[in-house]
Amino acid sequence: MRVLFIGDIVGSPGRQIVQERLADLVKQRQVDLVIANGENSASGFGITPRIADELLGTGIDVLTGGNHSWDRREVLEYMPHQPRLLRPHNFPPGSPGSGVFVGTAKNGVRYAVLNLQGRIFLPAIEDPFRTADAELAKLPADVAFVLVDIHAETTSEKISMGWHLDGRATAVVGTHTHVTTADERVLPQGTAFICDVGMTGPHNGVIGMDREAIIKRFLDGLPARFEVASGDVQMNSVLIETDDAGQRNAAGRLRARSIERLRLRAD
């Protein structure tokens, strides 16, 4: 089984490169399942129902979120009716939508996606570690592939989640910082891990936004309007391949064979 996870999609440049390149990538690499983080896809902040439908229509099977999931108020009523648009599951009970989706990939394998948010330098919501424990224990026995998106600020929290879930998830991938890390590996019990997948969008700015406004903000400390940058548009993702013929991990899930960083640039 081959699963593609696309890093945080930022604004219209990020959406456009997904529209232009995803179908060919899926065909060339024989991808069975596509997951992407979409919380910055609406002008860099949040996601709208229209954009969610657009991205799901490109071939993305599940969209994950993060601390910007609620930035567009129109998504609050949409999210409960679109189970493939997730938000971090450790938001307080009663928050719209869900952070867990269970489905069937193109190759017939049952899979689950769990979206979590860290708490260091981010709002103090529910414990992502105990939330992961509880939700993984609830998954149906026939779920063979589990991916966890840990949307967090610090490397220590994301690495800790990887080790915490080693042997219980097939993959733990980090999002949020928009900077790709070079620490991809398969942990001893078969869980693929990377601290941050990186960003899908313009890299000529500062984490996807126009650099002049952000530099000015650092210089004078005054409020500034941030706009999505342009130039050097990249799609950063990881390709996770499972060891279908090997022994399942301790939770009965497929073990990862490899995790590979992929970087595509707009033509």
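Scope of the values below: all heavy atoms of this structure, side chains included, with no hydrogens, waters or symmetry mates.
Although no hydrogens or angles enter the test, the distance criterion places no donor-acceptor pair under 3.5 Å between the side chain of H151 and the main chain of G66. For the pair D232 (side chain) and P202 (backbone), a donor-acceptor distance under 3.5 Å is absent. A donor-acceptor pair under 3.5 Å links the side-chain atoms of R211 to the main chain of N204, judged by distance alone. Proximity of a side-chain donor or acceptor of R84 to a complementary backbone N or O of L63 within less than 3.5 Å is not detected. Of the possible donor and acceptor atoms, none in the side chain of E241 sits under 3.5 Å from a partner among the backbone N and O of R2. For T200 (side chain) and G7 (main-chain N/O), a donor-acceptor pair under 3.5 Å exists by modelled atom type. Not one N or O on the side chain of D71 forms a donor-acceptor pair closer than 3.5 Å with the backbone of I47. At distances below 3.5 Å, not a single donor-acceptor pair connects side-chain atoms of K216 with backbone N or O atoms of L222. Using a distance-only test at 3.5 Å, with no hydrogens or angles considered, a donor-acceptor pair links the side chain of R253 to the main chain of V143. Judged by distance alone, the side chain of R21 and the main-chain N or O of R265 form a donor-acceptor pair under 3.5 Å.
Going from atom CG of L55 over to atom CG of D61 covers 12.5 Å, rounded to the nearest 0.5 Å. Taken to the nearest 0.5 Å, the CG atom of L264 stands 9.5 Å off from the CG atom of L22.
Taking the six-membered ring for Trp, W70 and F91 have ring centres closer than 6.0 Å.
No donor-acceptor contact under 3.5 angstrom links the side chains of T181 and D196, judged on distance only. In the model, R72 has no side-chain atom that pairs as donor or acceptor with a side-chain atom of H68 under 3.5 Å. A donor-acceptor contact under 3.5 angstrom links the side chains of N67 and H176, judged on distance only. Looking at T64 and D149, their side chains do bring a donor and an acceptor atom within 3.5 Å of each other.
Classified by interplanar angle (parallel below 30°, tilted 30° to 60°, perpendicular above 60°), the ring pair F101/Y111 is tilted.
Between I125 and P92, the shortest heavy-atom distance links the atoms CG2-CD, 4.4 Å.
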